[in-house]
Amino acid sequence: MRKIVFINLFLFSLFLSIAQRTHPTIKEESKVPKYILPELLKSDNGKKINNQIEWERIRRPEILEHFSNEMYGIVPANSLSPEVRILEEATIALNSKAIRKQIQLIFRNKIDSISLNILIYTPNKNFKVPAFFGYNFAGNHLIHKDPSILIDGKTEDQLSRHSKEYFNQKKRGERTSRWSIEKIIESGYGIITLNYNDVDPDRNDFSDGVHSLLYNINQTRPEAHQWGSISAWAWGMSRVLDYLETDELIDAKKVVLFGHSRLGKTSLWAGALDQRFCIVISNNSGCGGAALSRRRFGEKVSDITTNWSHWFAKNFKKYSEKESLLPIDQHMLIALMAPRPVYVASASKDSWADPKGEFLSAKEASTVYQLYGLQGLEDEEYPKVNTPIHKKIGYHLRDGKHDVTEYDWRQYIKFANKLLGVKNGNSNSKETWYCYPT
Ligand code: GCU
């Protein structure tokens with residue numbers, strides 16, 4: 001058995017190294033091929049898009065459909081309504097600065113179920129607050145040392161032996177550096193998080209997670225145009241927002257979606273699908289996220305569809321080494337947020353995610369913001385490190401590696417303050433602020 005695994009691994013690495021030799025990773029700007037981006041303001045049948053109405057009625061739906069069919073995969077229309085359980089609530093948390101709430105959403109079909117275990121902190125205030133919402137990678141208890149954070153929805157005593165072993169490897173508070181919880185709370189925002197694996201475990205297996213709950217009879221995996229894991233995680237974000245609309249402490253009209261890396265790809269796609277999200281932030285999302293695929297810089301479509309095929313619809317593989325055939329590119333994904341504010345953040349040493357390609361994509365998307373009379377990055381050049389730009393589209397290139405840091409959070413809070421009218425931590429603004437015109 002071991003021998004077979006070894007031989008398979010050997011063949012796989014051989015395949016990768018041959019593939020890499022034929023199509024080496026581009027690490028220098030001078031090696032970026034010439035490319036032409038698909039036009040944002042021209043419909044598939046060549047009609048020029050002149051205004052917001054034509055964008056919303058003609059072009060936006062076309063682009064959304066292409067991303068759905070060809071890249072992330074369509075989310076099934078049939079839905080499930082969850083059982084909502086309040087697992088824990090404390091009016092005094094984080095040195096009395098916050099209120100903590102832990103909620104479980106259980107989605108069932110006749111055979112199986114999934115549980116989404118959500119952790120919410122809000123400032124200790126008696127009105128609804130705007131909030132940042134993002135998935136975490138490995139469990140709510142990693143984001144802060146708070147001993148009351150449940151693990152997989154359970155107290156430490158309730159954990160099975162298996163989960164305890166797992167928990168020993170994933171220690172409480174280990175990921176604190178990626179979550180500026182205190183700063184977020186002090187700034188007047190709530191924070192909402194859950195483990196993305198609750199919605200769909202991040203492995204190439206379509207028999208589990210929400211996919212399995214929504215299959216048609218006898219279906220065992222999504223069809224070529226149907227949802228991969230990124231679409232499943234995006235689905236989960238919308239279901240959490242459904243819940244937040246009923247929560248008495250969160251202003252669900254001011255939920256700022258956040259995601260890092262694969263979860264940055266997810267936040268962009270979730271924000272495109274669900275226009276109730278008010279601001280969307282992509283942190284180092286790279287290939288399949290904010291970065292332009294046609295630049296082929298760093299990670300390419302062929303890399304991502306080989307190593308992480310389950311994130312996408314099967315159809316996406318067709319474009320491996322054939323990016324020019326894609327009916328879309330990632331500037332169009334960012335444009336799907338318009339007119340809502342969107343923030344793209346890169347890191348200078350994250351060449352795998354193509355920082356410049358992320359910037360150019362956000363800049364290109366500005367054309368659609370201009371239709372709404374809003375300023376994006378149209379007049380901006382690729383900025384120096386640590387010089388953020390906060391227009392209706394935000395961008396920064398942080399000095400450093402692929403990560404989420406306190407610097408990033410400071411920018412996101414500033415950006416949200418500016419665009420949501422939050423001042424000195426006071427989010428109880430009288431003006432009614434709509435991210436999306438109703
Ligand atoms: C890999 C993958 C990236 C992804 C990253 C992550 O590096 O190639 O596309 O963004 O993992 O999510 O951590």
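Just the heavy atoms: all of them, side chains too, but no hydrogens, waters or symmetry mates, feed the values below. Here, residue 1 is the first one in the sequence, and each next residue gets the next number. We count ligands from 1, going down the list as the structure has it; atoms in each ligand are counted the same way.
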Inset, instruction - Please confirm whether F132 and Y412 have ring centers closer than 6.0 angstrom. - result: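 No - the distance between ring centres of F132 and Y412 does not fall below the 6.0 Å cut-off.
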Inset, instruction - Answer yes if the ring centres of F133 and F258 are under 6.0 angstrom apart, and no otherwise. - result: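 No, the ring centres sit 6.0 Å or more apart.
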Inset, instruction - Sequence neighbours left out, what pairs pass side-chain hydrogen bond (donor to acceptor under 3.5 Å, both in side chains) with at least one residue falling in residues 130-143? - result: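 Qualifying pairs, neighbours excluded: N136-N140, N136-T193.
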Inset, instruction - For residues 378-387, pull every pair meeting side-chain hydrogen bond (donor to acceptor under 3.5 Å, both in side chains), keeping only residues two or more places apart or in separate chains. - result: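 For residues 378-387, and leaving out neighbouring residues, the side-chain hydrogen bond (donor to acceptor under 3.5 Å, both in side chains) pairs sorted by first residue read E380-K391.
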Inset, instruction - Output all residues satisfying ring pair (Phe, Tyr, Trp, His ring centres under 6.0 Å) with F206, sequence neighbours left out; order by chain, then residue number. - result: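 H211.
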Inset, instruction - In plain terms, say whether K183 and E186 are close enough for a salt bridge, that is, a side-chain N and a carboxylate O under 4.0 Å apart. - result: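 No, this pair does not count.
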Inset, instruction - Please list, by chain and number, the protein residues whose heavy atoms come under 4.0 Å of ligand 1. - result: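 S261, R262, K265, E299, I304, W308, W311, W352.
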